[in-house]
Protein chains: 2
Amino acid sequence: MDMSTGATTPSWDTRARNREARLARAAQVLGSRLQGKCAPAAAAVELLTAVIECGDRVCLEGNNQKQADFLAGALAQLDPKRTNNLHMVQSVLALPQHLDLFERGIASRLDFSFSGPQGARLARMVSAGQIEIGAIHTYLELFGRYFVDLSPQVSLVCAQAADRHGNLYTGPNTEDTPAIVEATAFRGGIVIAQVNELVDELPRVDIPGDWVSFVIPSPKPHFIEPLFTRDPAQISEIQVLMAMMAIKGIYAEYGVQRLNHGIGFDTAAIELLLPTYAQSLGLKGKICKHWALNPHPALIPAIEAGWVESIHSFGSEIGMENYIRARSDVFFTGPDGSMRSNRAFSQAAGHYACDLFIGSTLQMDLAANSSTATMDRITGFGGAPNMGADARGRRHASPAWLKAGREARQGRTGAAGTPRGQKLVVQMVETFREHMQPAFVDKLDAWTLQERAGFELPPIMIYGDDVTHILTEEGIANLLLVRNDEEREQAVRGVAGYTPVGMARDRRMVENLRDRGVIRRPEDLGIDTRLATRNLLAARSMRDLVDASGGLYAPPARFRNW
Amino acid sequence: MDMSTGATTPSWDTRARNREARLARAAQVLGSRLQGKCAPAAAAVELLTAVIECGDRVCLEGNNQKQADFLAGALAQLDPKRTNNLHMVQSVLALPQHLDLFERGIASRLDFSFSGPQGARLARMVSAGQIEIGAIHTYLELFGRYFVDLSPQVSLVCAQAADRHGNLYTGPNTEDTPAIVEATAFRGGIVIAQVNELVDELPRVDIPGDWVSFVIPSPKPHFIEPLFTRDPAQISEIQVLMAMMAIKGIYAEYGVQRLNHGIGFDTAAIELLLPTYAQSLGLKGKICKHWALNPHPALIPAIEAGWVESIHSFGSEIGMENYIRARSDVFFTGPDGSMRSNRAFSQAAGHYACDLFIGSTLQMDLAANSSTATMDRITGFGGAPNMGADARGRRHASPAWLKAGREARQGRTGAAGTPRGQKLVVQMVETFREHMQPAFVDKLDAWTLQERAGFELPPIMIYGDDVTHILTEEGIANLLLVRNDEEREQAVRGVAGYTPVGMARDRRMVENLRDRGVIRRPEDLGIDTRLATRNLLAARSMRDLVDASGGLYAPPARFRNW
């Protein structure tokens with residue numbers, strides 16, 4: 001059979017020729033306003049109109065932290081009669097403009113990971129049929145799809161600075177830029193970067209100019225959110241108690257040396273207890289040496305006390321720049337001194353090189369499935385599914401991973417009994433969240449959301465069979481040790497406190513689980529709850545954090561009251 | 001508590017200062033032979049001696065394909081009295097020099113992923129206590145650890161070309177370079193690149209010069225192995241039959257559009273059956289549209305027939321350069337026309353964006369655990385564990401993934417019954433491999449190897465509870481449908497042919513599994529085995545592949561007999 005004539009083989013470089021056509025349109029429209037790769041901010045709408053075609057997949061950079069906000073605003077100004085039906089692919093839906101695009105009829109379809117601040121409006125627009133959601137992803141999954149079936153035709157990214165060749169300096173907030181730009185530039189796409197400044201020489205090159213089509217100096221620096229900053233003044237004594245349980249009942253128990261912490265006061269409390277409580281338990285050097293996490297200011301006291309060997313970060317955190325520069329032994333930094341973050345690599349590290357993920361949730365059901373999606377908010381998942389799942393491809397051993405695997409497999413046979421390690425996935429939740437909403441529920445709101453939004457599956461953030469420990473103010477439930485649905489349910493109920501789910505526990509069975517060590521109360525762990533006061537925190541205010549950093553940490557204004 | 005005085009805070013930039021000291025030593029030793037970042041090949045041993053310190057973690061680039069062979073040779077020439085106790089971290093142990101390092105006492109510890117050609121010698125050296133193995137990883141896991149607890153102090157990488165600023169052009173074989181260089185350069189390490197040529201202007205920049213410390217023009221081009229090339233002339237009729245079963249019994253059944261293929265004749269046969277057998281089943285456009293895999297020459301007929309929308313690759317394949325250039329709609333290519341590969345992103349894509357992984361193994365046990373580690377070879381795993389594991393962090397749906405998940409969860413309750421998709425992981429093996437060794441065994445050699453090498457766990461490549469289908473010449477066993485150990489065992493036995501494992505089947509139970517569709521024979525799938533001849537292959541020789549490519553594919557000499 002001779003395939004060489006290939007019956008219907010038209011042309012194999014349509015993408016490359018299409019890119020040339022887009023570039024030619026841009027050159028024509030902008031004329032002399034285009035200097036090499038640089039276009040003025042005033043020409044942004046014209047440039048986007050010239051290079052974007054109807055139905056394009058467009059990636060708008062923006063994550064928890066930095067946002068290509070100027071380009072988002074320009075995109076929202078396009079004429080929907082001329083540019084429409086765009087398929088937006090983006091890590092985070094954070095700015096009002098991101099939804100304006102849909103309201104104005106410029107975009108129609110969305111694949112994304114997280115939508116924190118816009119979650120409520122997103123839910124309303126999905127109900128009203130204004131947005132068709134492809135799927136909610138975890139970041140690394142979305143990046144993976146950029147190289148398979150969701151490659152963008154046009155990407156709008158942001159950087160700190162560019163030179164005239166289009167080389168980009170992202171500074172400490174490299175974040176998603178390398179993944180987005182690579183998937184676009186090498187698939188016949190157009191990359192447009194908004195930059196805070198155009199300079200003759202960059203401190204370092206983070207993205208080669210060859211990969212960038214256009215650079216636009218933005219009228220003002222890109223938006224950036226200090227998302228990982230938590231004021232120690234707001235940490236409660238319950239959070240101190242839970243942090244003590246995490247340290248003594250989980251970190252010390254398994255000897256967790258490599259880990260990730262999610263956002264929040266719960267984990268900030270753990271970080272602030274390392275140089276005090278954990279130190280008093282003799283755990284220095286035994287736990288918490290290597291981290292995959294953003295530069296949390298709450299980690300400063302632990303770093304200063306010599307607890308931390310390395311931190312690799314998804315992104316940076318405002319105010320931490322000088323501190324990071326001065327602590328280059330701990331943080332990944334370039335020869336120029338500023339941090340290098342990279343969400344793709346940090347997520348890979350979080351998935352494969354960390355022994356523990358600890359996060360929080362809004363709701364958990366009796367099977368320990370949890371979700372942050374509630375009735376009227378579609379918030380998405382961020383990095384939690386990737387890091388809060390057992391990394392079944394992992395093959396290197398560590399004591400923590402082996403112990404978790406042994407507990408999970410003890411007494412099992414066949415495939416389920418084959419020795420294998422397991423990732424520790426801890427859900428740390430107070431039994432009631434704000435407005436006295438119970439965190440434990442019979443049925444997740446995710447199920448209702450699935451129906452309303454027409455999802456194939458309920459938007460579950462972390463599945464129950466990936467969760468190894470639930471930690472509440474009432475105690476720790478070790479789900480590695482449960483052996484059937486009933487035990488799992490009672491283990492959940494047994495730490496669910498005074499919520500209706502907790503009240504409906506079978507007391508005898510819960511006591512039996514406690515006897516077996518499946519459930520452990522503070523007293524079972526030898527924790528003196530009288531010590532659980534704010535005095536145990538290594539910093540009790542933002543001012544303390546600044547002091548701990550030797551004045552290097554410079555919190556954003558809204559966190560300063562002095 | 002005031003942490004700012006930090007009791008024992010010596011210095012926080014030891015890594016940066018150490019790098020400066022290494023660079024200064026290099027400058028001193030090389031003198032005027034160092035021109036900017038460029039050192040002559042003759043000075044390589046002196047340069048390595050100057051920058052490497054005893055006990056360093058050293059990353060030596062090399063994967064299935066390209067190898068930093070010149071630098072590997074130079075490293076093996078160091079004086080072990082002066083440079084010793086190195087901890088080697090590397091994707092693949094492929095060259096004799098990689099083991100010479102240990103034999104000569106320069107290196108002592110090894111963390112790696114794959115060791116195909118050196119597997120037997122590695123096993124002997126481990127037994128003799130000459131090498132301490134940290135762990136065998138899957139690639140993305142090893143990369144992840146480069147950012148956590150295995151960051152290299154020195155990395156020795158390779159590229160096609162460099163300019164005088166140290167910018168690197170990797171050409172189509174970018175492979176592992178970005179991951180290695182980023183983890184080293186931003187953690188105070190030294191990056192040395194061997195390049196085939198030094199040029200004034202690069203076709204494109206793949207690695208920014210800021211990230212590279214030294215460049216050495218190599219006396220000859222780096223070694224590169226055409227690992228993914230399979231001569232269609234060697235495909236057997238049994239492989240054709242198995243390929244028909246894969247296409248009709250799995251790909252069509254689940255509607256698999258996004259997938260990865262491993263190396264080998266089994267999957268080459270599937271690729272060569274797409275434009276013939278699969279076409280005759282009307283499957284074009286319904287399966288096999290998006291791929292994460294190297295540019296397999298065996299895919300040429302399917303590409304030419306319009307089956308393939310996109311291919312993202314871990315690395316490239318010798319001889320495919322011009323074909324790829326001419327098919328830029330399908331492959332990821334740069335504005336310069338040559339391919340861009342990237343193992344880290346392609347592994348992320350393989351893990352999260354593909355619905356199916358199909359691979360092979362040397363041994364499989366009754367729980368469907370499989371391993372390529374046999375008694376006297378430590379071969380490692382490569383990408384198989386990452387892609388051959390259920391991606392439990394995945395949250396986007398596809399019909400294939402949903403159907404697999406439904407089958408796995410049907411009738412289950414609680415956490416195990418919560419709806420969720422599942423990755424299709426297919427093990428495609430003939431019941432007997434070469435020398436009539438049975439592929440199915442009661443106990444994997446991996447267990448013996450564990451004891452001998454002192455591993456924490458047996459080196460299992462793919463765990464039984466991640467395998468969804470076993471495909472042999474006897475039929476397909478769908479493990480998604482088994483519900484207990486006994487059913488699983490009989491499902492394995494039921495496709496294990498005339499191996500002792502197969503002969504020991506419980507015939508009644510196997511027939512029952514067949515009635516339930518757990519086991520399916522070719523006739524159950526409506527496959528006419530008389531059609532399973534080599535005539536069904538879209539190309540039956542290397543020459544056919546060249547013809548199919550319109551003369552663009554240029555196989556390496558050893559594959560040419562004309």
Side-chain angles (χ1 to χ4, degrees), chain A residues 1 3-4 6 12-16 135-138 140-141 144-145 147-149 186-187 204-205 208 210 258 290 301 304 312 327-329 332 334 340 345 348-349 352-353 367 369 385-386 389-390 392-397 402 413-415 418-419 456-457 464-466 485 538 547-548 550, chain B residues 1 3-4 6 12-16 135-138 140-141 144-145 147-149 186-187 204-205 208 210 258 290 301 304 312 327-329 332 334 340 345 348-349 352-353 367 369 385-386 389-390 392-397 402 413-415 418-419 456-457 464-466 485 538 547-548 550:
Chain A
M1 182 177 312
M3 304 301 302
S4 66
W12 296 94
D13 60 349
T14 53
R15 283 175 175 266
I136 311 177
H137 306 73
T138 187
L140 194 56
E141 174 187 16
R145 292 191 73 188
F147 292 91
V148 178
D149 60 342
F186 293 99
R187 189 89 177 108
R204 70 173 189 241
V205 175
D210 288 352
R258 302 172 301 170
H290 299 282
E304 293 301 305
H312 187 265
R327 297 291 178 271
S328 62
D329 279 357
F332 279 70
R340 166 85 176 184
F345 281 130
Y352 272 130
N369 297 309
N386 174 61
D390 187 28
R392 297 170 77 87
R394 175 174 164 175
R395 293 293 179 270
H396 75 279
L402 287 169
T413 57
T418 304
E456 295 281 1
L457 295 173
D465 49 13
D466 281 313
D485 288 350
D547 288 347
Chain B
M1 183 176 307
M3 304 300 304
S4 68
W12 297 94
D13 61 348
T14 54
R15 284 174 174 266
I136 311 178
H137 306 73
T138 189
L140 194 57
E141 174 186 15
R145 291 191 72 189
F147 292 91
V148 178
D149 59 342
F186 293 98
R187 187 90 177 110
R204 70 172 189 241
V205 175
D210 288 351
R258 302 173 301 169
H290 299 282
E304 293 301 305
H312 187 263
R327 297 291 177 270
S328 62
D329 278 357
F332 279 70
R340 165 85 176 186
F345 281 130
Y352 271 130
N369 296 309
N386 173 62
D390 186 30
R392 297 169 77 87
R394 174 173 163 176
R395 293 294 179 270
H396 75 280
L402 288 170
T413 57
T418 304
E456 296 281 0
L457 295 174
D465 49 12
D466 280 314
D485 288 349
D547 289 346

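Atom set for the values below is all heavy atoms of this structure, side chains included, hydrogens, waters and symmetry mates excluded.
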List in chain and number order the residues that pass side chain to side chain contact (heavy atoms under 4.5 Å, CB included) with D149(A), two or more places apart in sequence or in another chain; answer none if no residue qualifies.
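For D149(A), the residues satisfying side chain to side chain contact (heavy atoms under 4.5 Å, CB included) (neighbours in sequence not counted) are R145(A), R258(B), H290(B).
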Among the options [options], pick out the one with the most heavy-atom pairs lying under 4.5 Å from chain A.
{"options": "R187(B), H137(B), R15(B)", "value": "R187(B)"}
{"options": "A348(B), P208(B), A397(B)", "value": "P208(B)"}
{"options": "L140(B), V148(B), T14(B), D329(B)", "value": "D329(B)"}
{"options": "G144(B), P385(B), A16(B)", "value": "P385(B)"}

Of all heavy-atom pairs linking G334(A) and F186(B), the shortest is CA-CD2, 3.3 Å
Note: P301(B) and A538(B) closest approach over all heavy atoms is CB-CB, 3.6 Å
* Is there a side-chain contact (heavy atoms from CB on, under 4.5 Å) between Y352(B) and R395(B) once you walk through the steps? -> CA-CA 9 Å; Y352(B) 271 130; R395(B) 293 294 179 270; over 6 Å; no
Cut-off 4.5 Å, heavy atoms of chain A, and the answer for N369(B) is side chain
Item to complete: Measure D485(B) against the heavy atoms of chain A and call it side chain, backbone, both or neither at under 4.5 Å.
Response: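 Only the side chain of D485(B) comes within 4.5 Å of chain A.
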If you tally heavy-atom pairs under 4.5 Å between each of E456(A), R340(A), H312(A) and chain B, the highest tally belongs to R340(A)
Taken in chain and number order and not counting sequence neighbours, the residues that satisfy side-chain hydrogen bond (donor to acceptor under 3.5 Å, both in side chains) with R392(A) are D465(B), D466(B)
**Prompt:** Do the side-chain N and O atoms of D13(B) and S328(A) include a donor-acceptor pair separated by under 3.5 angstrom?
**Reply:**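 No.
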